Amino acid sequence: MTIPVIAIDGPSASGKGTVAALAARALGFHYLDSGAIYRVTAHAAGNRGVDLADEAGLAELARGLELRFDGVEVYLDGQPVGDAIRTEEAGRAASRIAALPALRAALLELQRGFRKAPGLVTDGRDMGSVVFPDATVKVFLTASAEERAQRRYKQLIEKGFDANLAALVQDLRERDARDASRASAPLHQAADAHLLDTTALTIAQAVDRVLGWYRQA
Ligand code: DC
């Protein structure tokens, strides 16, 4: 029996993390936020003085990462990293290192290790296309840049961070362009992925669509 995987990919702030976590809870499956792995790797590089352009150094660091997830909290070397990896700056650093093929390769086995019974729901950019190409259900979840910026704005304000809506729209567009144009595992909708545009959907409606596709599969 292969362990089922629901892979939800899409651009920044599309809501894929929220939808994936809720779908995982509804099914009693494990949940993996793969973006957090890239964010934590960039964070660890900062702590250890590894340059964000040092591909071999980052790959080596990634292979030795001691990571643990507990709900939404991520532990690096046994210590909670908290919101330090949730800032826009941390997202930009993650997006930069995510363009490096040796680093992506180093993170493959780590990510695949999260596939455990009874199943996994995971979100990222290449979960359906590269990490779990045999996923039971693949979803490409997106929303307009303006809607995503609004959602990110709300999130940041709720966490007590400063935020500027126009700067967020600009930042999202730049990050999308970088994630979609890189040579290694670029962000794109896989041919066998269901498209889920959530611009006009509630979170509950988006989760229902994903669960419906899973039941059909
Ligand atoms: O989903 P997120 O915003 O937390 O991801 C942060 C960055 O990590 C994103 O800009 C691109 C990169 N990433 C990736 O390349 N592949 C993934 N599977 C997940 C994230």
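Order of listing sets the numbers, starting from 1, for every ligand and every atom in it. Here the structure is a predicted model, which means the values were calculated and not measured.
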Rounded distance (nearest 0.5 Å) linking atom [atom1] of [X] with atom [atom2] of [Y]:
X      : Y      : atom1 : atom2 : value
Phe114 : Met127 : CZ    : CE    : 9.5 Å
Leu107 : Thr41  : CG    : OG1   : 5.0 Å
Arg86  : His43  : CZ    : NE2   : 11.5 Å
Asp33  : Ile8   : CG    : CD1   : 11.5 Å

Of all the non-hydrogen atoms in the protein, which one sits nearest to [atom], and at what distance?
atom                    : result
atom 20 (C) of ligand 1 : Gly35 CA, 3.5 Å
atom 7 (C) of ligand 1  : Ala94 CB, 3.7 Å
atom 4 (O) of ligand 1  : Arg39 NE, 2.6 Å
atom 10 (O) of ligand 1 : Asp179 OD2, 3.0 Å
atom 19 (C) of ligand 1 : Ser34 OG, 3.4 Å

Next on the checklist: Looking at Arg209 and Asp197, is there a salt bridge between them, counting it only when a charged N and a carboxylate O are closer than 4.0 Å?
Outcome noted: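 No.
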Checklist entry - Between Tyr214 and Phe29, does the ring centroid distance fall short of 6.0 Å? => result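 Close enough - the centres of the two rings lie under 6.0 Å apart.
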Next on the checklist: For Phe69 and Tyr31, I'd like to know if the aromatic rings sit close, meaning centre-to-centre distance below 6.0 Å.
Outcome noted: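 No, the ring of Phe69 stays outside the 6.0 Å limit from the ring of Tyr31, centre to centre.
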Checklist entry - If every non-hydrogen atom of Ala84 is compared with every non-hydrogen atom of Ala90, which pair is closest and at what distance? => result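 For Ala84 versus Ala90, the nearest heavy atoms are O-CB, 3.6 Å.
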Item to check | Heavy-atom pair of closest approach, residues Ser184 and Ala99 | outcome: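 Between these two residues, the closest heavy atoms are CB-O, 4.3 Å.
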Checklist entry - So Arg148 and Asp176, salt bridge (Lys or Arg N to Asp or Glu O under 4.0 Å) or not? Walk me through it. => result CA-CA 11 Å; Arg148 288 186 285 126; Asp176 288 352; 2.7 Å; yes
Any N or O of [X] that comes nearer than 3.5 Å to an N or O of ligand 1?
X      : answer
Tyr38  : no
Arg152 : no
Arg86  : no
Arg125 : yes
Asp126 : yes
Asp123 : no

What atoms in ligand 1 come closer than 4.0 Å to a heavy atom of [X]?
X      : value
Met127 : 18 (N)
Ala98  : 12 (C), 15 (O)
Lys16  : 1 (O)
Ser95  : 7 (C), 10 (O)

Item to check | Candidate list Asp126, Asp9, Asp123, Asp192, test salt bridge (charged side-chain N to carboxylate O under 4.0 Å, His left out), partner Lys138, passing option | outcome: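 Only match with Lys138 under salt bridge (charged side-chain N to carboxylate O under 4.0 Å, His left out): Asp192.
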Checklist entry - Does Arg182 reach ligand 1, in the sense of a heavy atom lying below 4.0 Å from it? => result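 Checking ligand 1 against Arg182, which is what was asked, there is a heavy-atom contact under 4.0 Å.
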Checklist entry - What part of Arg104 sits under 4.0 Å from ligand 1 if we count only heavy atoms: the side chain, the backbone, both or neither? => result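 The side chain, only.
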